[in-house]
Amino acid sequence: MNTFSAKPADLHHDWHLVDAAGVPLGRLASTVAQLIRGKHKPTFTPHLDGGDYVVIVNAAKVKLTGRKLDQKRYFKHSGYMGHEQFVPLKPVMGEHPERVIERAVFGMLPKNSLAKQRLRGKLKVYAGEVHPHQAQQPKPFAIKVST
């Protein structure tokens with residue numbers, strides 16, 4: 001038996017529509033990262049971009065468990081000594097809720113050239129219900145939420 005390795009001609013990219021309302025942020029990010037990489041497909045090949053496009057709506061209604069809204073801070077550094085900045089989650093969630101989901105999903109993608117060049121462009125996040133990707137006919141993808 002030979003191990004199957006997908007060729008670029010074998011790949012097909014679907015479009016998925018995910019509703020983030022009431023879904024915990026980590027569960028949403030890990031599920032979307034698997035869809036973007038293509039790990040849900042039997043033709044998964046690590047060195048090829050076999051994943052699907054994901055459109056996330058209602059990013060402003062994502063669920064944050066515990067006290068993350070008050071305690072979580074994002075770190076960034078300018079490269080100069082002492083120039084680190086810590087941005088709390090609450091103002092980011094108020095102004096740009098799509099960035100919170102993007103950052104969580106990108107943190108769960110592999111840190112390699114494929115992720116930086118190709119996979120980052122497969123995620124489309126919108127704060128409300130409306131998105132401009134109706135022409136692609138995205139299929140609804142439900143994420144199970146345990147109660």
Side-chain angles (χ1 to χ4, degrees), residues 1-66 68-69 72-80 83-87 89 91-147:
M1 294 193 70
N2 293 335
T3 303
F4 175 77
S5 182
K7 312 284 186 290
D10 300 334
L11 302 177
H12 176 69
H13 305 291
D14 294 325
W15 284 75
H16 298 285
L17 179 66
V18 177
D19 189 4
V23 180
L25 178 62
R27 183 168 308 211
L28 174 72
S30 63
T31 306
V32 169
Q34 288 179 359
L35 287 172
I36 289 174
R37 276 199 79 193
K39 294 200 82 168
H40 63 292
K41 296 182 177 183
T43 59
F44 172 70
T45 307
H47 65 279
L48 290 178
D49 176 19
D52 296 336
Y53 291 88
V54 179
V55 179
I56 299 178
V57 294
N58 290 326
K61 297 178 185 174
V62 72
K63 182 179 177 184
L64 296 167
T65 58
K68 289 187 186 78
L69 195 60
K72 186 171 180 65
R73 301 184 304 168
Y74 290 118
F75 171 81
K76 67 180 185 178
H77 196 273
S78 67
Y80 291 99
H83 284 243
E84 65 266 358
Q85 290 182 345
F86 295 95
V87 181
L89 176 65
V92 176
M93 195 69 179
E95 295 174 21
H96 304 284
E98 57 276 354
R99 291 184 190 172
V100 173
I101 293 178
E102 286 174 359
R103 190 154 184 171
V105 171
F106 295 155
M108 294 188 183
L109 290 175
K111 280 56 172 182
N112 57 21
S113 59
L114 181 66
K116 290 176 185 150
Q117 294 169 5
R118 302 293 303 268
L119 299 181
R120 289 179 80 105
K122 291 185 172 288
L123 179 64
K124 317 292 184 190
V125 186
Y126 301 98
E129 289 272 344
V130 182
H131 64 87
H133 303 287
Q134 293 297 331
Q136 284 74 26
Q137 300 172 346
K139 299 174 198 144
F141 187 86
I143 297 176
K144 294 181 182 176
V145 179
S146 60
T147 54

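When only modelled atom types and interatomic distance are considered, His12 and Asp14 share a side-chain donor-acceptor pair under 3.5 Å.
Here Arg27 contributes atom CZ and Ile143 contributes atom CD1; the two are 9.0 Å apart, rounded to the nearest 0.5 Å. Between Arg37 atom CZ and Leu35 atom CG the span is 12.5 Å, to the nearest 0.5 Å. From Leu17, atom CG reaches atom CD1 of Ile56 across 9.5 Å, with rounding to the nearest 0.5 Å. How far CG of Leu114 is from CG of Leu109: 9.5 Å, rounded to the nearest 0.5 Å. Taking NE2 of His40 as the start and CD of Gln34 as the end, the distance is 9.5 Å to the nearest 0.5 Å. If you take OG1 on Thr65 and NZ on Lys68, they are separated by 2.5 Å, rounding to the nearest 0.5 Å.
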>> Please determine whether side-chain contact (heavy atoms from CB on, under 4.5 Å) holds for the pair Val55 and Trp15, giving the CA-CA distance in whole Å, both sets of side-chain angles, and the decisive distance to 0.1 Å.
In response: CA-CA 7 Å; Val55 179; Trp15 284 75; 3.7 Å; yes
> Can you list the steps and then say if Leu48 with Leu11 is a side-chain contact (heavy atoms from CB on, under 4.5 Å)?
Replying inline: CA-CA 9 Å; Leu48 290 178; Leu11 302 177; 4.1 Å; yes
>> For a side-chain contact (heavy atoms from CB on, under 4.5 Å) check, start with the C-alpha distance between Val18 and Val54, then their side-chain angles and the critical distance, and finish with the verdict.
In response: CA-CA 7 Å; Val18 177; Val54 179; 3.9 Å; yes
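Taking the six-membered ring for Trp and thresholds of 30 and 60 degrees, Phe75 and Phe86 have ring planes inclined between 30 and 60 degrees apart.
Within a 6.0 Å radius of CD in Gln137, other residues, nucleotides and ligands contribute 12 heavy atoms or fewer. In the displayed structure, Tyr80 atom OH is contacted under 6.0 Å by at most 12 heavy atoms of other residues, nucleotides or ligands.
By the 4.0 Å N-to-carboxylate-O rule, Asp19 lies too far from Lys61 to be salt-bridged with it.
Thr43 places no side-chain N or O within 3.5 Å of a backbone atom of Ala6 that could act as its donor or acceptor partner. At distances below 3.5 Å, at least one donor-acceptor pair connects side-chain atoms of Lys41 with backbone N or O atoms of Gly50. A donor-acceptor contact shorter than 3.5 Å is absent between the side chain of Lys76 and the backbone of Tyr74. Counting only distance, with no hydrogens or angles, the side chain of His96 and the backbone of Glu98 share no donor-acceptor pair below 3.5 Å.
Every residue meeting the side chain to side chain contact (heavy atoms under 4.5 Å, CB included) condition with Ser30, not counting sequence neighbours, appears here in chain and number order: Met108.
A pairwise comparison of heavy atoms in Pro138 and Gln134 identifies CD-O, 4.4 Å as the closest pair. Shown here for Pro24 and Val62, the closest heavy-atom pair between the two residues is C-CG2, 4.4 Å. The shortest heavy-atom contact between Ser78 and His83 is OG-CB, 2.9 Å. Closest heavy-atom contact between Ala59 and Ile101: CB-CD1, 3.5 Å.
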Would you mind writing out the side-chain donor-acceptor pairs for residues 119-130 within the sub-3.5 Å range, not counting sequence neighbours?
{"unit_1": "Lys122", "atom_1": "NZ", "unit_2": "His13", "atom_2": "ND1", "d": "3.4"}
{"unit_1": "Lys124", "atom_1": "NZ", "unit_2": "Gly121", "atom_2": "O", "d": "3.0"}
{"unit_1": "Tyr126", "atom_1": "OH", "unit_2": "His133", "atom_2": "NE2", "d": "2.7"}
{"unit_1": "Glu129", "atom_1": "OE2", "unit_2": "Asn58", "atom_2": "ND2", "d": "2.8"}

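Evaluation of the side-chain hydrogen bond (donor to acceptor under 3.5 Å, both in side chains) test over residues 103-118, restricted to residues two or more places apart or in two chains, returns Asp49-Arg118.
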